[in-house]
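First the structure, in the form of C-alpha cells, and then the observations on it.
Numbering of residues begins at 1 and proceeds along the displayed sequence.
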Amino acid sequence: MDNMRAQAERFGAEMIDDDIVSVDLTGDIKEVTDSEGTVHRAKAVIIATGSGYRKLGLPNEDELSGRGVSWCATCDGFFFRDRDIVVVGGGDTAMEEATFLTRFARSVTVVHRRSTLRASKTMQNRAFADDKISFAFDSEIAEIKAENGMLAGVVLRDTFSGKTRDLDATGLFIAIGHDPRADLFTGQIDLDDEGYIKVEAPSTRTNLPGVFAAGDVVDHTYRQAITATGSGCQAALDAERYLAALADRSTAAASVAVTA
C-alpha cells in the first residue's frame, strides 16, 4: 500500500488524510466536503468507499477484534493453529471460511440461525465432508465471553426454545455478509436493492456524468483487493477519458467562438 501511494504521489496525486462527510455530485463541478469543512471541487469523482463486514452487534465484539474475533479467515486463520473455532453464517462465504480454517484449527463449529444452509450445494457438501467441521443449527450467538482481554468462548441460544449453552472457543469468525459504504451518496447516485452503487457495466460510470465507482462498493461477489484494484484502474481510465472529452468540447467551442 505504501508503494502504491508513493507511486501515485510521484505522478502528482495529492493525498488528503481525512473523512468526507458530505457530497454534492449532481452539478458539472462536483463538491466533496471533509470533516474540517474544506470543500474539494473537481470535474470528475471516483468513489471507492468499499464495504464493511456485517457485525453481530454484541458487547465485546469490537473490543475483541484481533483478540480472538475476526471477519477474515484468509487474513487471520494462521494465528489460530490448533484452536477451537466458531464460524457464524450459513452462506458460501461462511462455508469457505470454515473449510479454509480447518487447515489450522483443531475444530470448527459453524453456527447458523436456520436448520438449513444458504450456501451452494457444492460448498455445503465440502463442509459436511470435513471431519473437523461440526454444525450448530437453529442457533445464534447470544454472548461473546472475554477473559483477560481475549476471547474465552461464546454463549449459543436456540432460536426456537431460547435455551442457552456455553461453547468453548478461542476463535470467532463472523461471516454474515457485507454492507457497502454508500450511505453518503443516497439520493444522488442510483443504488441497487442491497445498497451497492449501480454502474453501467462493463464501465465504471454511474448515473451521474463525471462520477465513477469501483471496488467493493460496487462488487457483490469477489470483494478482493486484486479485483478492487483492477476496477479502480478501470475507473481511472474512464475518468481520464471523460475529462479528455470535456477538454475536446471546450476546445471546439472556443474555436467556433473565435471563427465567428
Practice task
Please round to the nearest 0.5 Å and tell me the distance separating atom CZ of Arg67 and atom CE of Met150.
Solution key: 6.5 Å
Between the side chains of [Y] and [X], is the shortest nitrogen-to-carboxylate-oxygen separation below 4.0 Å, so that they form an ion pair?
X	Y	value
Asp179	Arg54	yes
Arg106	Asp84	yes
Lys145	Asp166	yes
Glu140	Arg157	yes

Backbone of [Y] reached by a side-chain donor or acceptor of [X] within 3.5 Å:
X	Y	answer
Gln124	Ala119	yes
Ser231	Gly215	yes
Asn207	Asp190	yes

Quick one, [X] and [Y] - any side-chain contact, counting heavy atoms below 4.5 Å?
X	Y	value
Asp130	Arg126	no
Asn60	Glu143	no
Lys30	Arg41	no

Exercise for the section: Verify the neighbour count for atom CZ of Arg113: are there more than 12 heavy atoms of other residues, nucleotides or ligands below 6.0 Å? Expected result: no
Practice task
May I ask you to check whether over 12 heavy atoms, not counting those of Asp62, lie within 6.0 Å of atom CG?
Solution key: yes
Exercise for the section: Please list, chain by chain and in numerical order, all residues satisfying salt bridge (charged side-chain N to carboxylate O under 4.0 Å, His left out) with Arg114, sequence neighbours excluded. Expected result: none
Side chains of [X] and [Y]: is there a donor and an acceptor less than 3.5 Å apart?
X	Y	value
Asp19	Ser35	no
Asp216	His178	no
Thr26	Asp24	yes

For [X], which fellow cluster members are found when Ile, Leu, Val, Met, Phe, Trp and Tyr are connected by side-chain heavy-atom distances below 4.5 angstrom, either directly or through intermediates?
X	value
Val110	Phe78, Phe79, Phe80, Ile85, Val87, Met95, Phe100, Leu101, Phe104, Val108, Leu117, Met123, Phe128, Ile133, Phe135, Phe137, Phe173
Ile141	Tyr53, Leu56, Leu58, Leu64, Val69, Trp71, Val86, Val88, Val111, Ile144, Leu151, Val154, Leu156, Leu167, Leu172, Ile174, Ile176
Val39	none
Ile47	Ile20, Val23, Leu25, Val32, Val45, Leu184, Phe185, Ile189, Leu191, Ile197, Val199, Leu208, Val211, Val217, Val218

Exercise for the section: Applying side-chain hydrogen bond (donor to acceptor under 3.5 Å, both in side chains), name anything that partners Asp168, two or more places apart in sequence or on another chain. Expected result: none
Problem - Where Arg118 and Gly91 come nearest, the two heavy atoms and their spacing - result: NH2-N, 3.6 Å
